[in-house]
There are 2 protein chains.
Amino acid sequence: MAGRGETKAKILDAAEQLFAEHGFKETSLRTITGKAGVNLASVNYHFGDKKSLVRAVLSRYLEAFMPALGEQLQALLSEPHCTMEQVFACAKQPVLALDKYRPHGAATFMQLIGRGYSDVQGHLRWFITTRYEHVLSLFNQAVRKANPDLTSEAVFWHLHFTLGAAIFTMASSEALRDIAENDFGRSLDSEAIVDRLIPYLAAGMNAKPRQASQDNIVAFAAE
Amino acid sequence: MAGRGETKAKILDAAEQLFAEHGFKETSLRTITGKAGVNLASVNYHFGDKKSLVRAVLSRYLEAFMPALGEQLQALLSEPHCTMEQVFACAKQPVLALDKYRPHGAATFMQLIGRGYSDVQGHLRWFITTRYEHVLSLFNQAVRKANPDLTSEAVFWHLHFTLGAAIFTMASSEALRDIAENDFGRSLDSEAIVDRLIPYLAAGMNAKPRQASQDNIVAFAAE
DNA sequence: GTCTATATTAAGATAGAC
DNA sequence: GTCTATCTTAATATAGAC
């Protein structure tokens, strides 16, 4: 039923869509091969096992995204000064460029990254952070350059909060887009979401630590 | 092997720990009953099915947390003015109070919420948002009160970014805590994390939209 | 309420013909 | 490279004795 040399690509295409929409663990090889119109056994023939397929799907995107992000950061670091918004804006064009690479590439990529982090699969986290350590380091440098007053601890925590806000938004971008279009009656593309996200992340990253004052209005509830 | 009337509680206790650590789908009933020291069949006897067990685990915490959060927000809303930090600080005491309710309750709760959102189980999201619609509405009001300049759209998006940052941090709080302790050599409790999170979220929520200027330094990569 | 034993289903993976 | 058929494993869930 399948064509000649295109089976591998068909599997990747079907898998990336299903993974993005339902998660890795929740998508079975049978569902993938069914959607791709290829034989069940071909997954193992072409990729070895499911884990490798997951990595292959992510790699296609990361190899397109990460080097582009690295370039942007490099360029920004060679400037005399930079703002925090500029740092985050470095990711904008590399993300949006994925739409040319694959249909709905930007949204798909964002969802896949979200899945990769929230799915318990520790191996993905490891794979991403070690494979692209260099780019992450550039990002770190740029953040420090944009705001040298931040302590190491603040950078550490704020980076993780940032990752959460970005990834969570990415993972649920489809649902959010639907709700937003419904509520505000205007159509939203990936660029609009990214443009909302950038100032939010920049402001958060620059946040000043809180002076320990009184926290709550009401006294502790009875216990 | 199990005691008399405590089987149900044993299951809940074991399940909440395993769910928090490994996720819902990744934790089997066999693992839960094994850890709890009770019979496999007792889960179905006491809870019907796994889905209901998941909801029961979350409910224990939500019923302790949500009303307390609601109180704090009510009190804040009755004040003449409030800041965005105060809005987010409303969640602090209700979260930390969970440590009295169960050992490591705050951390466990945060992780469970994270799992509930990032696991694909749509039913959890639905369950939480409909069951506690009232509290979420109070939160929304408080945000608008703290910063009336925010547009509806800005509030919508910023709320979701906020959710992402908070939930992601919660879901990975254990790992983050370990890394942070290792890197900065000082012990971190849930309160320290919450205190980091509050100003970050408040700053992001107050972020001003970005004027569409030039986004990137480098021209588009070849394609 | 608790247990043993088992039904049922679905998944990943592979052997071997073509 | 592709297919059919099958193996193996592991999960949820239930029936029925005690």
Side-chain angles (χ1 to χ4, degrees), chain A residues 1-59 112 115-116 118-124 127, chain B residues 1-59 112 115-116 118-124 127:
Chain A
M1 189 183 263
R4 295 154 316 271
E6 45 193 23
T7 297
K8 196 169 176 178
K10 279 191 189 170
I11 293 172
L12 279 175
D13 294 352
E16 88 172 28
Q17 229 182 298
L18 291 166
F19 284 157
E21 195 167 348
H22 302 113
F24 301 113
K25 176 125 196 208
E26 291 75 11
T27 305
S28 72
L29 297 182
R30 282 172 173 79
T31 311
I32 294 170
T33 52
K35 182 186 179 86
V38 303
N39 189 274
L40 170 61
S42 57
V43 171
N44 285 45
Y45 176 78
H46 285 287
F47 296 95
D49 61 4
K50 187 178 177 180
K51 225 187 238 189
S52 305
L53 172 60
V54 168
R55 276 203 296 268
V57 166
L58 266 155
S59 288
L112 286 174
R115 301 282 179 202
S118 40
D119 273 352
V120 191
Q121 325 240 12
H123 72 103
L124 274 183
F127 172 68
Chain B
M1 190 185 263
R4 295 151 317 267
E6 45 193 26
T7 297
K8 196 169 176 178
K10 278 192 190 170
I11 293 172
L12 279 175
D13 293 352
E16 85 171 32
Q17 227 181 300
L18 291 166
F19 284 156
E21 195 167 348
H22 301 113
F24 301 114
K25 176 123 197 206
E26 292 74 12
T27 304
S28 73
L29 297 181
R30 280 174 171 76
T31 313
I32 294 169
T33 51
K35 183 185 177 87
V38 304
N39 188 273
L40 171 60
S42 56
V43 172
N44 285 40
Y45 176 79
H46 285 287
F47 296 95
D49 61 4
K50 187 179 177 178
K51 226 185 239 190
S52 304
L53 172 61
V54 168
R55 276 204 294 269
V57 166
L58 266 155
S59 287
L112 286 174
R115 301 282 179 203
S118 41
D119 272 351
V120 193
Q121 328 238 12
H123 72 103
L124 272 182
F127 171 69

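Chain identifiers are assigned alphabetically (A, B, ...) following the order of the sequence lines, protein sequences preceding nucleic acid strands; residue numbering begins at 1 within each chain. Note that the coordinates shown come from a computational prediction; the quantities given were computed from them, not determined experimentally.
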Item to check | L112(A) side, atom CG; E21(A) side, atom CD - distance, nearest 0.5 Å | outcome: 11.5 Å
Checklist entry - Once each nucleotide of nucleotides 8-15 of chain C is scored for protein heavy atoms under 4.0 Å, what B/S/- sequence comes out, 5' to 3'? => result ---BBBB-
Next on the checklist: Working to the nearest 0.5 angstrom, can you tell me the gap between K25(B) NZ and K25(A) NZ?
Outcome noted: 6.5 Å
Item to check | Residue pair F47(A) / R55(A), side-chain heavy-atom distance below 4.5 Å | outcome: no
Checklist outcome for this item: Contacts of A15(B) meeting side-chain contact (heavy atoms from CB on, under 4.5 Å) (sequence neighbours excluded), chain-then-number -> F19(B), I32(B), L53(B), V57(B)
Checklist entry - What integer distance in Å separates H46(B):NE2 from dT14(D):P? => result 15 Å
Checklist entry - Under 4.5 Å between any side-chain heavy atoms of N39(B) and T7(B), yes or no? => result no
Next on the checklist: Can you list every stem that DNA chain C is part of, counting only runs of 3 or more consecutive Watson-Crick or G-U wobble pairs with both distances under 3.5 Å?
Outcome noted: C:1-18 with D:1-18
Item to check | side-chain contact (heavy atoms from CB on, under 4.5 Å) partners for D49(A), two or more places apart | outcome: K51(A), S52(A)
Item to check | Nearest-0.5 Å distance, OG1 of residue T27(A) to CD of residue E16(A) | outcome: 12.0 Å
Item to check | OP1 or OP2 of dC3(C) under 4.0 Å from side-chain N/O of S42(B) | outcome: no
Item to check | side-chain contact (heavy atoms from CB on, under 4.5 Å) involving S28(A) - partner list, sequence neighbours excluded | outcome: R30(A), T31(A)
